[in-house]
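This report concerns only the one structure given below.
On a predicted model such as this, the values are computed, not experimentally measured, just so you know.
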Amino acid sequence: MPGCFKKTLFALASLVSFVSFILIVVAMGIPKWMTGKILCKTGADLVNATDPELVKFIGEIHYGLFQGGKIRQCGLGGRRSKFTIFPHMVKKLNTGLHVMIIMFLCVAISFSLVSFGFCILNAIEVPYRAIKGPAGVCLWNFLAGGFIVLAVTSFMAAVKLHHLTERIANFRENVFKFVILEDHFEDCFWLCVASATAHAVNLLLIAISGINFPKIKTKTEEANVTAEDIMY
C-alpha cells in the first residue's frame, strides 16, 4: 500500500487529469476559439467611406473547430449568420491541418483518461509493473500534454500562416470581400493551453511523489545496566 503522502499526491494528480479532460471537451464543443472584426471592403470602396463612416462596414466574426457565426456590415445594417465547418467549409480551408487539430485533441482526451485511471490505481495500490506505476503516469501525461501542444500550435499556424479567419469570413461571399481588421484567441483556445499546463503540473506531482523524504526517528533512552541487574 502506498503511504499517505503518495496517496494524496496521486489523488490530486487524478483530479488534475480529469479536469484536463473536461477542459478539452468543453474547448472542442464551444465555438469561441477566435473572435475578430471584419471590414466589408467592397461596400466601403463603393461609397468611398471615410473613417467616421467605416463603422457602418465593420462587422464581427467568431468560430471554433466545428462552427461559428458572423455579423455582416455592408452599409445596410448588421446581418447575422451562422456556419458550420463540416462538411462544406472545410473544403475552402486547409483540410489536412484542420482535421489534424481535431485528431490531436481527441488523442489527448484519450491519454488524459488513461492518466486519470493510472493515477487512481497508484493511489490505491503499488503496481508490480513499472508501466503501471509512476513511470507510466508520467508517460501518459507527457503524451497528453504533447498532443495538446501540437493541436494549439497547429491552430496558431492555421490562423497566422494560412489566414484561417479571412478564409472563413469570405466563405460563400460572391459579391462582397471582407478583410480582417483584428482577430485574437478566445477562451476555448486558452482552455487548451490550461489543459496542457495541467499535465505539466501532474508531471511535477509525480516527480515529488518519487522523493524519499527522511523519516524522523525519536531517540530511545539507553538503558543503564548494572552488575546488580545482571545478578537478578
Side-chain angles (χ1 to χ4, degrees), residues 20-46 54 57-112 143-197 199:
S20 173
F21 160 75
I22 295 297
L23 289 177
I24 302 173
V25 172
V26 170
M28 291 183 70
I30 299 177
K32 278 285 185 178
W33 280 64
M34 289 291 296
T35 59
K37 292 184 177 181
I38 53 176
L39 172 67
C40 182
K41 192 173 186 307
T42 307
D45 290 344
L46 283 173
L54 281 178
F57 298 91
I58 296 176
E60 298 177 359
I61 188 171
H62 71 272
Y63 62 90
L65 297 180
F66 299 100
Q67 58 184 336
K70 66 180 179 180
I71 302 175
R72 300 167 73 254
Q73 293 272 15
C74 293
L76 300 174
R79 294 186 180 181
R80 294 180 179 271
S81 62
K82 293 183 178 181
F83 55 82
T84 55
I85 304 295
F86 295 95
H88 306 295
M89 189 179 290
V90 74
K91 297 175 182 178
K92 297 292 183 180
L93 312 179
N94 190 321
T95 307
L97 186 58
H98 198 81
V99 172
M100 279 175 58
I101 295 169
I102 296 172
M103 288 182 61
F104 286 152
L105 290 177
C106 289
V107 173
I109 287 175
S110 302
F111 284 132
S112 295
L143 289 174
F147 276 104
I148 296 170
V149 171
L150 285 174
V152 168
T153 306
S154 299
F155 185 77
M156 291 175 67
V159 172
K160 301 300 181 183
L161 301 180
H162 295 274
H163 310 289
L164 181 62
T165 307
E166 186 175 346
R167 292 189 183 194
I168 291 177
N170 286 286
F171 178 69
R172 287 183 176 172
E173 293 289 349
N174 300 320
V175 178
F176 298 102
K177 177 176 175 57
F178 291 88
V179 295
I180 309 303
L181 297 180
E182 62 179 54
D183 59 352
H184 52 272
F185 299 103
E186 271 296 336
D187 297 340
C188 290
F189 175 84
W190 296 113
L191 284 180
C192 286
V193 175
S195 178
T197 306
H199 287 291

Quiz prompt | Side-chain donor or acceptor of H98 paired with backbone N/O of L65 under 3.5 Å | solution = yes
Quiz item: Do S195 side-chain atoms and L191 backbone N/O form a donor-acceptor pair below 3.5 Å?
Solution: no
Quiz item: Does the side chain of M89 come within less than 4.5 Å of Q67's, by heavy atoms?
Solution: no
Quiz item: In terms of the angle between their ring planes, are F66 and F86 parallel, tilted or perpendicular, with boundaries placed at 30° and 60°?
Solution: tilted
Quiz item: Counting only heavy atoms not in R79, do more than 12 fall under 6.0 Å of its CZ?
Solution: no
Quiz item: CG/N94 to CE/M100 distance, rounded to the nearest 0.5 angstrom?
Solution: 9.0 Å
Self-check item: Considering all heavy atoms, the nearest C192-V152 contact
Solution: CB-CG2, 3.8 Å
Quiz prompt | Gap between atom OG of S20 and atom CD1 of I148 - 0.5 Å precision | solution = 4.5 Å
Quiz prompt | Rounded distance (nearest 0.5 Å) linking atom CD1 of I24 with atom CG of L105 | solution = 6.5 Å
Quiz item: From F57 CZ over to R72 CZ, what is the distance, rounded to the nearest 0.5 angstrom?
Solution: 12.0 Å
Quiz prompt | Atom pair NZ (K32) and CG (D187), whose distance is rounded to the nearest 0.5 Å | solution = 8.0 Å
Quiz item: Relative to the ring of F185, is the ring of W190 parallel (under 30°), tilted (30 to 60°) or perpendicular (over 60°)?
Solution: perpendicular
Self-check item: Heavy-atom side-chain proximity of P31 to Y63 below 4.5 angstrom
Solution: no
Quiz item: Backbone N or O of H162 within a donor-acceptor pair of the R167 side chain at under 3.5 Å?
Solution: yes
Exercise. Carefully, step by step, assess K177 and E166 under the rule side-chain contact (heavy atoms from CB on, under 4.5 Å).
Key: CA-CA 10 Å; K177 177 176 175 57; E166 186 175 346; 3.9 Å; yes
Quiz item: Roughly how far, to the nearest 0.5 Å, is NZ of K82 from NE2 of H62?
Solution: 7.5 Å
Quiz item: If you look at every heavy atom in F83 and G69, which pair is closest and at what distance?
Solution: CE2-N, 3.3 Å
Exercise. Write down the atom of G64, the atom of W33, and the distance for their closest heavy-atom approach.
Key: CA-CD1, 3.6 Å
Quiz item: Can you find a heavy atom in the side chain of M28 that is under 4.5 Å from one in the side chain of I101?
Solution: no
Exercise. Indicate the atoms forming the closest heavy-atom contact of F176 with G43, along with that distance.
Key: CD2-N, 4.1 Å
Quiz item: Which atom names give the shortest non-hydrogen contact between Q73 and C40, and what distance separates them?
Solution: O-CB, 3.2 Å
Practice problem: Flag the pair T35 / I61 as yes when at least one side-chain heavy-atom distance between them is below 4.5 Å, and no otherwise. | Solution: no
Quiz item: Between K70 and I168, which heavy-atom pair has the shortest distance, and what is it?
Solution: NZ-O, 4.3 Å
Practice problem: List the steps, then state whether side-chain contact (heavy atoms from CB on, under 4.5 Å) holds for D183 with K160. | Solution: CA-CA 10 Å; D183 59 352; K160 301 300 181 183; 4.2 Å; yes
